[in-house]
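The next block holds one structure in the form of structure tokens; read it before the comments.
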Amino acid sequence: MDATTVLAEINGNIATVGYGLAAIGPAIGVGIVVGKTIEGVARQPELAGRLQVLMYIGIAFTEALAFIGIATYFIFV
Amino acid sequence: MSTSSSRSTPAVTGSSARPVFVRILKLGAIIAIAIAVIGGVVGLLVDGERGLLSALVGTAMAILFTGLTAASILVANRFSGTEFFTAIFFAVVMGAWIVKFAIFLVLVFLLRDAEWINPTVMFICIIAGVLGSLVVDVVVVATSRMGYVSDVTLPGE
């Protein structure tokens, strides 16, 4: 019998964990941005236009993070 | 102070934001062409035809996927003034967002091992495209004129 016993084995590419991690941040970010926009529109419906634009900027920055995170697959082996 | 019970609730509209998003898409397209030209030339010098193709595909992916958010907001605003506008708006924008990322993930997986792609050139062009579109977003929003009330037309519009 072997001196060491394998209790658990993980197969596949560890980079997959990285994609998961890259998704967590933007998911939380977009959740907050959209949630707060809904809150703002519910409080002041007439401001919907302005809030949409501000929400767009928030989404653009958070999604940039996700795009860069996913695109790293091109350079990391 | 009087209560607001007799006052009619203003319709939720986002139509005043339309010029901003149209301008974001137009300037984004111009930036994309500039990045594609510069990236294409650099890619051609670095890795020949393969580099050129990678630069073009990378820039196109970056601008297409970042521009889709603005485009989805424009589409969602067509339902402006309807009873379920808020629900429809977030369904369209967030739905487009999820689908966009799913497609982006699939494309990245497919293109990485493609023989006609130089991964490094493509990565740099995607980053340049994403950062370029962010710059456009910030510049357009910072220089835009928007009324504090959505259904008002500003002078000169």
Side-chain angles (χ1 to χ4, degrees), chain A residues 8-77, chain B residues 9-18 20-21 24 54 58 61-62 65-66 69-70 73 76-77 80 85-86 89-90 93-94 97 100-101 104-105 108-109 111-112 117-127 129-131 133-134 136-138 140-142 144 146-152:
Chain A
E9 189 185 20
I10 299 174
N11 288 315
N13 195 340
I14 191 67
T16 315
V17 180
Y19 310 141
L21 291 173
I24 291 174
I28 295 172
V30 166
I32 291 174
V33 168
V34 172
K36 289 289 176 184
T37 306
I38 293 173
E39 209 173 274
V41 172
R43 283 173 191 269
Q44 282 185 286
E46 69 274 14
L47 274 181
R50 285 185 74 85
L51 292 174
Q52 263 182 25
V53 175
L54 296 176
M55 180 194 79
Y56 172 74
I57 284 289
I59 291 180
F61 274 89
T62 27
E63 81 179 359
L65 204 64
F67 275 126
I68 293 169
I70 295 170
T72 50
Y73 182 62
F74 280 116
I75 51 165
F76 295 150
V77 179
Chain B
T9 310
V12 180
T13 63
S15 52
S16 67
R18 187 181 159 78
V20 178
F21 292 115
I24 283 173
S54 307
M61 273 169 68
F65 286 116
T66 50
T69 309
I73 292 176
N77 273 343
S80 179
F85 171 61
T86 309
F89 177 81
F90 288 107
V93 175
M94 291 293 96
W97 203 75
K100 173 175 79 176
F101 269 102
F104 185 67
L105 261 171
V108 167
F109 279 114
L111 290 177
R112 160 115 191 237
I117 287 292
N118 181 325
T120 311
V121 173
M122 192 157 187
F123 174 75
I124 291 169
C125 280
I126 288 177
I127 301 293
V130 169
L131 294 181
S133 82
L134 279 183
V136 166
D137 294 346
V138 172
V140 170
V141 171
S144 67
M146 283 203 59
Y148 274 97
V149 183
S150 291
D151 52 358
V152 163

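Order of the sequence lines fixes the chain letters, A, B, ..., with proteins taken first and strands second; residue numbering starts at 1 for each chain.
A/Ile38 touches chain B through backbone and side chain together, each having a heavy atom under 4.5 Å away. Heavy atoms of B/Ala62 lying under 4.5 Å from chain A are absent altogether. For A/Ile70, the parts lying under 4.5 angstrom from a heavy atom of chain B are both the backbone and the side chain.
The closest donor-acceptor contact from the side chain of B/Ser54 to the backbone of B/Met122 lies at 3.5 Å or more, if one exists at all. Using a distance-only test at 3.5 Å, with no hydrogens or angles considered, a donor-acceptor pair links the side chain of B/Arg112 to the main chain of A/Tyr73.
Applying the ring pair (Phe, Tyr, Trp, His ring centres under 6.0 Å) test to every pair with at least one member in residues 37-56 of chain A, sequence neighbours left out, gives these pairs: A/Tyr56-B/Phe21.
Chain A forms the most heavy-atom pairs under 4.5 Å with one residue out of B/Thr69, B/Val20, B/Ile126, B/Thr120, and that residue is B/Thr69. Per-residue heavy-atom pair counts under 4.5 Å with chain A were compared for B/Val140, B/Ile24, B/Ile124, and the maximum is reached by B/Ile24. Taking chain A as the reference chain and counting heavy-atom pairs below 4.5 Å, the highest number among B/Val93, B/Val141, B/Asp137 is found for B/Asp137.
Checked against the 6.0 Å centroid criterion, the rings of B/Phe101 and B/Phe65 do not qualify as a close aromatic pair.
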Can you list, pair by pair, the side-chain donor-acceptor contacts under 3.5 Å of residues 22-36 of chain A, counting residues two or more places apart and other chains?
none

